[in-house]
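What follows is a short report on a single structure.
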Amino acid sequence: SEEDGDHCRLSSGKLRNFSCSECKKKEEEFRNVLMRKLEEEQIENVNFIQWDFKNGRQRESHDMTPKDFVDKLLDDMGLLKSHNYMTTKQFDTMDELKHSLSKNEVTIWMDYAENFQPPTQREVQTAHFKNNSQISILGAYIYYNRGNGIEEQSIVVLSDDTTHNTSAVFSSYIKLQEWLKEQMPAITKTTIVSDGCGGQFKNKYQFANIAYHENDFGHDCHWIFRY
């Protein structure tokens, strides 16, 4: 029903389990199509390889009966549907956030790129293989409002500290705030958007930094971790 459909779109719990009547109907139709096709092809066992980061391995080989394979496929599709719902809703919300900034508010999207190994100009061949120096690259895209509408700026913070740990992140973040203070001295709020990497962003040390953000930078801070 339309009501069930709306509920399914808005409820992550329903999405995860194909709980609404429309999803259950489509699931059963899809199951029947798959089972019929496997029977027509006289397939008795389904062998496939799946990404599975367990026991130090990256891929696992599976050998299943057609029924077990279809059951697993539908279960995994349920998880995918829930994941797609969550990521879509998050990006929609974040898109609205960055385009609805009030005056003197800032949104910073940031993430680390892979470490970069800079070459030496006109280096000899041996130097290429002996050069072990690297730099870290923290990329940030900033949306800010000085009162004349939303402005945007991309910034890259380079460092010879390649640990990507909490201290390195905070040191780079200080540089971002210093630049922002030059552009907009009266900042009232910063919203940070990042992934949930525990070694870099989502940990107790960064939570402490958020708690002391007003003392350190003179304004409030919110941190959003992407799904």
Side-chain angles (χ1 to χ4, degrees), residues 9-10 12 15 80 82-121 133-227:
R9 286 193 295 273
L10 296 174
S12 60
L15 281 164
L80 176 62
S82 176
H83 173 77
N84 181 68
Y85 168 84
M86 293 295 291
T87 53
T88 300
K89 293 296 288 184
Q90 274 201 344
F91 274 101
D92 288 346
T93 301
M94 292 174 190
D95 188 65
E96 180 181 353
L97 171 68
K98 68 189 182 186
H99 289 111
S100 59
L101 293 173
S102 299
K103 183 179 178 180
N104 294 326
E105 289 187 349
V106 178
T107 296
I108 302 175
W109 291 53
M110 63 182 187
D111 196 6
Y112 270 108
E114 292 184 8
N115 290 341
F116 178 72
Q117 182 174 320
T120 302
Q121 187 176 17
S133 62
Q134 291 186 326
I135 58 175
S136 69
I137 304 173
L138 179 68
Y141 202 87
I142 302 175
Y143 300 86
Y144 58 103
N145 187 348
R146 291 188 284 193
N148 300 315
I150 309 300
E151 300 179 64
E152 304 177 21
Q153 179 66 49
S154 59
I155 295 179
V156 173
V157 182
L158 305 178
S159 172
D160 57 2
D161 183 345
T162 59
T163 56
H164 293 198
N165 60 17
T166 306
S167 298
V169 172
F170 189 66
S171 296
S172 298
Y173 180 72
I174 291 174
K175 296 296 183 182
L176 297 177
Q177 282 292 338
E178 288 175 351
W179 181 86
L180 280 166
K181 282 292 186 181
E182 293 176 359
Q183 309 302 314
M184 196 166 61
I187 301 175
T188 57
K189 176 183 173 183
T190 293
T191 301
I192 304 171
V193 180
S194 72
D195 60 34
C197 177
Q200 300 170 0
F201 306 122
K202 195 175 184 180
N203 57 60
K204 61 183 179 181
Y205 305 109
Q206 295 292 20
F207 295 156
N209 288 333
I210 296 173
Y212 285 94
H213 193 278
E214 188 165 2
N215 292 338
D216 293 334
F217 303 106
H219 62 275
D220 192 20
C221 174
H222 294 181
W223 198 319
I224 299 174
F225 299 104
R226 300 197 313 271
Y227 181 71

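- In this structure, Trp109 CH2 and Ile192 CD1 are separated by 13.5 Å, a value rounded to the nearest 0.5 Å.
- In this structure the side chain of Asp111 reaches within 4.5 angstrom of the side chain of Phe201, judged on heavy atoms.
- In this structure, the side chain of Asp195 does not engage the main chain of Arg226 through any donor-acceptor pair within 3.5 Å.
- Other residues, nucleotides and ligands contribute at most 12 non-hydrogen atoms within 6.0 Å of the OH atom of Tyr212.
- Using a 4.5 Å heavy-atom cutoff, the side chains of Gln183 and Ile142 are not in contact.
- Contact of the Tyr205 side chain with the Asn165 side chain is not registered, since no non-hydrogen atoms from C-beta on lie closer than 4.5 Å.
- With contacts defined as side-chain heavy-atom distances shorter than 4.5 Å, the pair Glu152/Tyr144 does not qualify.
- To the nearest 0.5 Å, atoms CG (Asp160) and CG (Asn115) are separated by 11.0 Å.
- A distance of 12.5 Å separates CG of Asp220 from CD1 of Ile187, quoted to the nearest 0.5 Å.
- With a 4.5 Å cut-off on side-chain heavy atoms, Thr88 and Asp92 count as touching.
- One finds the CD1 atom of Ile155 at 8.0 Å from the CD1 atom of Ile108 (value rounded to the nearest 0.5 Å).
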Is there a side-chain hydrogen bond (donor to acceptor under 3.5 Å, both in side chains) between Thr163 and Asp161? Walk through the geometry before answering. CA-CA 6 Å; Thr163 56; Asp161 183 345; 2.7 Å; yes
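- A 6.0 Å sphere centred on NZ of Lys103 holds no more than 12 heavy atoms belonging to other residues, nucleotides or ligands.
- The minimum heavy-atom distance between Ile150 and Lys98, with the atom names listed, is CG2-O, 3.7 Å.
- Asn209 and Gln206 share a side-chain donor-acceptor pair at under 3.5 Å.
- Counting only heavy atoms from C-beta outward, the side chains of Thr188 and Glu105 approach each other to under 4.5 Å.
- Enclosure of atom CD in Glu178 by more than 12 non-hydrogen atoms of other residues, nucleotides or ligands within 6.0 angstrom is indicated.
- At least one side-chain heavy atom of Phe217 sits less than 4.5 Å from a side-chain heavy atom of Ile174.
- Taking both residues in full, the closest heavy atoms of Ser102 and Asn145 are given as O-CB, 3.4 Å, listed atom of the first, atom of the second, then distance.
- Using a 4.5 Å cut-off on side-chain heavy atoms (C-beta onward), His213 and Gln177 make contact.
- The NE2 atom of His164 lies 8.5 Å from the CD1 atom of Ile137; values are rounded to the nearest 0.5 Å.
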